[in-house]
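Since this is a predicted model, take the numbers as computed values, not measurements. The sequence lines fix the lettering, A, B, ..., with proteins before strands; numbering per chain opens at 1.
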2 protein chains.
Amino acid sequence: MGVSLKDIAQRAGVSLATVSNVVNGYRPVGEQTRRRVQQAIDELGYTPNLSARHLRRGRTGIIALAIPELNNPYFAELADAAIREAAGLGYTLVMESSGADRDLELLLLDGSRRHIIDGLIFSPVRITRDDVLARTGTVPLVLIGEGVYDVPHDHIAIDNVAASRVVVEHLLALGRRRIAFIGAGAGQDRQSAQLRLRGYREALAAAGLPVDAELVVATEQFGRRDGLLAMRRLLALDTPPDAVFGYNDLVAIGAVRAIGEAGRRVPEDIAVAGIDDIEEGRFSTPTLTTIAPDKEHIGRFAVQRLVALIEGAPLAPPADLHLPFRLEVRESTGPLGDRHRAVG
Amino acid sequence: MGVSLKDIAQRAGVSLATVSNVVNGYRPVGEQTRRRVQQAIDELGYTPNLSARHLRRGRTGIIALAIPELNNPYFAELADAAIREAAGLGYTLVMESSGADRDLELLLLDGSRRHIIDGLIFSPVRITRDDVLARTGTVPLVLIGEGVYDVPHDHIAIDNVAASRVVVEHLLALGRRRIAFIGAGAGQDRQSAQLRLRGYREALAAAGLPVDAELVVATEQFGRRDGLLAMRRLLALDTPPDAVFGYNDLVAIGAVRAIGEAGRRVPEDIAVAGIDDIEEGRFSTPTLTTIAPDKEHIGRFAVQRLVALIEGAPLAPPADLHLPFRLEVRESTGPLGDRHRAVG
DNA sequence: TTGAAAGCGCTAACAT
DNA sequence: ATGTTAGCGCTTTCAA
């Protein structure tokens with residue numbers, strides 16, 4: 001074991017409590033004493049034993065960020081911001097993957113790690129509002145993403161229905177009329193898929209267009225491969241779409257690949273757009289039109305709310321926060337002839 | 001506070017030690033007793049308080065994976081494997097980012113979190129062999145990647161010189177003669193950049209070709225944008241290259257983008273290859289030729305070695321492990337006319 | 001302004 | 001096979 005408070009106390013000729021107060025600043029310490037203690041700390045190279053502190057305080061200083069897929073770049077970028085914010089507030093953030101599995105999500109919700117984490121930032125995709133209401137776990141909880149609404153917890157997300165509408169309106173403004181949606185979710189209640197699908201439907205309805213069921217493709221997951229496979233099915237239709245809206249950027253990128261493999265061009269033959277604004281889409285060929293949520297903001301804000309909750313700061317009641325987003329029009333829906341404008 | 005061992009002991013009418021033994025299995029417990037204790041545990045919903053356990057044991061059950069950039073997909077894919085392996089062995093893995101900063105790396109090396117982590121898997125890029133030899137930290141350490149060699153720690157990596165040679169030999173076999181290298185590292189000692197550059201040089205030398213200094217481009221970082229900017233400089237040369245080898249897949253993808261923006265084609269005009277085999281390169285247009293290290297293997301193996309070290313298992317002395325890799329030839333260097341073969 | 005001491009929940013050495 | 005108990009390092013109440 002390393003250097004402990006007791007070692008410092010002995011060295012400085014003071015009591016344990018005094019050293020603790022120099023370290024934590026809970027109550028005033030005389031200037032003389034403080035100096036002696038600080039010197040001992042420096043000489044011996046003391047750092048607090050966190051396990052002991054946590055045992056005593058009943059807190060661990062660890063918060064978790066639970067997301068469906070670890071290697072979805074959207075979450076990686078979000079996590080990056082969250083980790084930095086957490087570190088700045090004296091917390092360590094650990095990432096947990098639910099694998100988009102309902103049972104695992106329920107476990108996380110009920111505090112599978114309740115003794116190791118002080119709080120949870122959760123991006124659920126399979127559980128429902130009722131699951132959250134019925135939860136027995138008590139660790140502070142902040143929800144992100146569009147999984148669940150109307151629950152007594154902080155909830156940070158963009159308005160997915162509105163975002164989807166903006167994308168589809170953009171495609172309509174380009175003159176596209178057979179607009180497909182990839183990623184409707186395969187039977188399970190991926191709530192965010194429902195919301196994005198709803199925005200898609202609303203935009204079509206507002207334009208007086210019918211929703212053609214064969215243009216709405218469900219997928220098992222929401223990765224590149226899922227987008228690719230779904231797009232192949234769309235290309236096999238008698239009348240393929242002239243535009244595709246992907247559930248997220250990964251799905252859209254998979255669709256772009258499938259279109260190229262079929263010898264068609266994006267955007268000339270088929271325009272493609274996604275949601276998330278992952279960096280990949282800013283360098284792909286063609287670059288990808290997308291909805292850009294402020295990931296940095298979401299990540300930092302979620303951590304701030306959670307830490308406030310943990311530390312019992314007086315704060316506003318649970319809020320449903322809709323952060324702004326913007327449409328990034330790039331080559332995959334750009335006007336023709338606009339290919340290969342320099343990026344970066 | 002929640003339910004403690006004492007609560008269970010009272011409920012089951014046994015001693016603390018017995019409950020502890022039911023939970024941990026350190027010594028045998030009678031069948032009758034075990035059943036009663038287990039029932040109490042189930043009824044009261046007991047879970048061990050990890051802070052207490054850690055305080056007592058002197059270990060935290062947390063290991064760290066320190067990498068240069070959190071949102072480099074290569075590391076995300078590696079981390080995914082490592083996190084699963086760690087969980088399987090009863091450890092929680094936290095990710096730390098060094099930001100490829102030398103001071104931060106030194107801090108990590110000397111145990112900036114010594115009280116919170118039991119061990120460290122470290123992928124350094126700026127520190128040197130001497131830094132590692134001089135380290136004062138004592139937490140068990142496993143090195144991954146090509147940052148440092150010949151130090152008394154486990155070290156897991158692919159042979160970067162050999163891998164680079166394979167890539168360049170492949171480009172040579174395609175008949176390319178002006179082969180550029182992007183990502184030589186800008187002055188700082190990014191050891192892995194040196195190694196990959198060495199492989200590049202060796203392959204050219206073996207083919208009896210000179211190394212043209214203007215075809216070797218240093219970059220600040222190793223992301224998509226760096227590849228893009230470097231490639232623009234190469235395209236501005238009097239005689240641009242007919243092939244490009246990127247330090248990693250991200251750099252290569254940036255280069256592909258720059259080539260397209262300049263109105264040239266990959267691979268017809270310029271062939272491009274990288275290292276890492278990130279999923280992005282399997283769906284990009286064109287798909288990216290690359291070196292595929294076994295990320296799953298590296299991640300799991302690093303965790304296994306580290307945990308063995310932590311738990312003091314008798315094990316072989318520190319080893320320098322070179323894991324196998326293979327060349328994945330895809331469209332970006334494929335024979336002409338091979339575009340858009342179906343992937344997936 | 002400072003000190004003494006209890007006790008957070010657990011494990012492991014020592015007893016029985 | 002089971003029980004008793006010391007003590008990991010820290011924070012915090014009560015006293016001085």
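If you measure from atom CG of B:Leu16 to atom P of D:dA1, you get 19 Å, rounded to the nearest angstrom. In this structure, CG of A:Asn21 is placed 9 Å from P of C:dT2, rounded to the nearest angstrom. In this structure, A:Arg57 places its CZ atom 13 Å from P of D:dT13, rounding to the nearest Å. Nucleotide D:dC10 holds its P atom 13 Å from the CZ atom of A:Arg56, rounded to whole Å. The nearest whole Å value for the distance from the CG atom in A:Asn49 to the P atom in C:dC8 is 18 Å. The CG-P distance, from A:Leu55 to C:dT11, rounds to 12 Å in whole Å. Counting to the nearest Å, the C1' atom of D:dG9 and the OH atom of A:Tyr46 are 7 Å from each other. Atom CZ of A:Arg36 is separated from atom C1' of C:dG3 by 14 Å (rounded to the nearest Å).
Across residues 22-30 of chain B, B:Arg27, B:Pro28, B:Val29, B:Gly30 each have a non-hydrogen atom less than 4.0 Å from an atom of DNA chain D (numbered order).
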Residue pair A:Asn21, A:Thr18: steps toward the side chain to side chain donor-acceptor pair (under 3.5 Å) verdict: CA-CA 5 Å; A:Asn21 282 316; A:Thr18 300; 5.7 Å; no
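OP1 or OP2 of D:dG9 has not a single side-chain nitrogen or oxygen of A:Ser4 nearer than 4.0 Å. An OP1 or OP2 oxygen of C:dT11 is reached within less than 4.0 angstrom by a side-chain nitrogen or oxygen of B:Arg53. At the phosphate of C:dT11, OP1 or OP2 sits under 4.0 Å from a side-chain N or O atom of B:Ser20.
With sequence neighbours excluded, no residue satisfies salt bridge (charged side-chain N to carboxylate O under 4.0 Å, His left out) with B:Arg27.
Within the nucleic acid shown, A:Thr33 comes within 4.0 Å of sugar-phosphate atoms alone, with no base atom in reach, counting heavy atoms only.
For the pair A:Asn49/A:Ser4, no side-chain contact is recorded, criterion being any heavy-atom separation below 4.5 Å from C-beta on. When side chains are defined from C-beta on, B:Arg53 counts as touching B:Asn24, because their heavy atoms get closer than 4.5 Å. With a 4.5 Å cut-off on side-chain heavy atoms, A:Leu109 and A:Leu141 count as touching.
Map A:Ala17 and B:Gln32 each onto its nearest nucleotide of DNA chain D; the residue landing nearer the 5' end is B:Gln32. Mapping B:Thr18 and B:Ala52 onto DNA chain D by nearest heavy atom places B:Thr18 closer to the 5' end of the strand.
In summary, A:Asp131 and A:Arg135 do not engage in a salt bridge, as defined by a charged side-chain N under 4.0 Å from a carboxylate O. Taking 4.0 Å as the cut-off between side-chain N and carboxylate O, A:Glu105 and A:Arg126 do not count as a salt-bridged pair.
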